[in-house]
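Remember, predicted model here, so these are calculated numbers, not experimental data. The first residue of the sequence shown is numbered 1, and numbering continues consecutively from there.
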Amino acid sequence: MAISILIINPNSNASMTASLSPLLTSLRLPSVTYTFFTAPSPSPPSIDTTTDAHLSATIALPHLLPLLQEHDGFVVACYSEHPLVPLLQRVVGLKPVVGIFEASVVQALLLLRPGERFGIVTTGEGWEAALHGGVGRFLGGVERCAGVCAVGVTAGGLGGGEVEGRVKGAVGRLVGMGAGVVCLGCAGMAGMGEVVRVAAREVGAEVRVVDGVRAAVVQVFGMVRCEGE
């Protein structure tokens, strides 16, 4: 069964979209074709606030509507309660639409061992409260979440040379808060799993890492396959 998944980057940073392709190819899911969408300008090149997220949804949606019939499932690759997720769910019928924030939380819960909690490492400080609140709304409480720690850069600034050290510092704080699973809280952090694992080892811990983009793609793949049986 051939499956077509549309990977939606709601910001206008084409290089961020391009960075996702090798990450998903490495999943080696059978009979899957990926198509990548980057929102056009004036969508923000970096979604750093909930206002940015709403603006990007408004701009991207009209360009996405003509593409919906061509694909079997959809991943919204922005780590937030992105408005595109419910907007698209209203118009695609039974086809799955998954946001990387929600996908990572689901996978984190499945990876938790008894007594553990998960944490999120994110970009700017403004996302700490937003994502913590998002976890509460999604799960109906935050008891399973150790916390959200920011590295203090925008999504567009993740390529800077000092970012790895900032990520390690944030992971160290999450481990100290009791996190046994760490979610990468930005699509631009894709591929940074080993940085997180090394940071945890440096403070004497082992953590499992969840990449929301990969988690969302695997979940969409499974949902399409189940629906097709």
On a heavy-atom basis, which atom in Gly119 and which in Ala179 lie closest, and how many Å separate them? N-CB, 3.8 Å

Looking only at atom types and distance, does a side-chain atom of Glu128 sit under 3.5 Å from a main-chain N or O of Ala150, one as donor and one as acceptor? yes

Hydrophobic cluster membership, Ile47 vs Leu131, 4.5 Å side-chain cutoff: yes

Run Thr17 and Thr38 through side chain to side chain donor-acceptor pair (under 3.5 Å) and show every step you take. CA-CA 7 Å; Thr17 309; Thr38 305; 2.7 Å; yes

Please answer whether the main-chain N or O of Ala108 pairs with a side-chain N or O of Arg144 as donor and acceptor at a distance below 3.5 Å. no

Does any part of the side chain of Thr35, heavy atoms only, come nearer than 4.5 Å to the side chain of Ile7, both counted from C-beta? no

To the nearest 0.5 Å, what is the distance between CE on Met16 and CG on Leu20? 8.0 Å

Do Leu174 and Val207 come close enough that some side-chain heavy atom pair is under 4.5 Å? no

Flag the pair Thr123 / Cys186 as yes when at least one side-chain heavy-atom distance between them is below 4.5 Å, and no otherwise. yes

Can you tell if the side chain of Ile120 reaches within under 4.5 Å of the side chain of Val182, non-hydrogen atoms only? no

His71 backbone acceptor or donor facing Lys95 side chain under 3.5 Å: yes

Can you get from Leu88 to Leu6 by hopping between Ile, Leu, Val, Met, Phe, Trp and Tyr side chains that sit under 4.5 Å apart? yes

Rounded to the nearest 0.5 Å, the NE2 atom of His63 sits from the CD1 atom of Ile8 at a distance of 13.0 Å

Would you say Asn9 and Asn11 are linked by a side-chain donor-acceptor pair, where the criterion is simply a distance under 3.5 Å? yes

For Thr25 and Tyr34, test the side chains for any donor-to-acceptor distance below 3.5 angstrom and give the result as yes or no. no

Check whether any side-chain heavy atom of Leu139 sits under 4.5 Å from a side-chain heavy atom of Leu109, and report yes or no. yes

Side chain to side chain donor-acceptor pair (under 3.5 Å) partners of Glu116, counting only residues at least two apart: Arg208

Shortest non-hydrogen pair, Leu87 vs Ala57, comes out as CD1-CB, 4.2 Å

Evaluate the criterion salt bridge (Lys or Arg N to Asp or Glu O under 4.0 Å) for residue pair Arg197 and Glu202; output intermediate values, then yes/no. CA-CA 9 Å; Arg197 283 184 282 269; Glu202 289 178 353; over 6 Å; no

Any heavy-atom pair between the side chains of Val91 and Leu68 that's under 4.5 Å? yes

Consider only side-chain N and O atoms of Ser56 and His82, and report whether a donor and an acceptor are under 3.5 Å apart. yes

When clusters are formed by joining ILVMFWY residues with side-chain heavy atoms under 4.5 Å apart, either directly or through shared neighbours, do Val85 and Phe37 land in the same one? yes

Would you sort out whether Ser4 and Asp72 count as a side-chain contact (heavy atoms from CB on, under 4.5 Å), showing the intermediate values? CA-CA 5 Å; Ser4 175; Asp72 303 301; 3.8 Å; yes

Could you state the interatomic distance from CG (Leu29) to CZ (Arg225), rounded to the nearest 0.5 Å? 9.5 Å

Look at the side-chain heavy atoms of Ile, Leu, Val, Met, Phe, Trp and Tyr, link any pair under 4.5 Å apart, and say whether Val106 and Leu27 land in one connected group. yes

Glu194 atom CD: more than 12 heavy-atom contacts under 6.0 Å: yes

Do the side chains of Leu84 and Val97 join up, straight or via other hydrophobic residues, at under 4.5 Å, putting them in one cluster? yes

So which heavy atom on Ser46 is nearest to which on Asp52, and how close? O-OD2, 3.5 Å

CG of Leu64 to CD1 of Ile59: how many Å apart, nearest 0.5 Å? 12.0 Å

In this structure, CE of Met1 is separated from CZ of Phe221 (nearest 0.5 Å) by 9.0 Å

Could you check whether any side-chain N or O of Ser43 sits under 3.5 Å from a backbone N or O of Pro10, counting only pairs where one atom can act as donor and the other as acceptor? yes

Over 12 foreign heavy atoms within 6.0 Å of CG, Leu94: no

If you round to the nearest 0.5 Å, how far is CD1 of Ile100 from CG of Asp211? 7.5 Å

To check you understand the geometry: which heavy-atom pair defines the closest contact between Cys145 and Arg117, and what is its length? O-NH1, 3.5 Å

Could you check if a side-chain atom of Val148 sits within less than 4.5 angstrom of a side-chain atom of Val135, using non-hydrogen atoms only? no

Between Arg166 and Val151, is there a donor-acceptor pair closer than 3.5 Å when you use the side chain of the first and the backbone of the second? yes

Hey, are Arg137 and Glu102 close enough for a salt bridge, meaning a charged N less than 4.0 Å from a carboxylate O? no

Describe, in one word, how the ring planes of Phe101 and Tyr79 are oriented to each other, choosing from parallel (under 30°), tilted (30 to 60°) and perpendicular (over 60°). perpendicular

In terms of heavy-atom contacts, Ala216 and Val98 come closest through CB-CG1, 3.9 Å

Identify the heavy atoms of Ala103 and Gly212 that sit nearest to each other, and give their distance. CB-O, 4.1 Å

Within a strict 4.5 Å, meaning less than it, do heavy atoms of the Val210 and Leu184 side chains meet? no

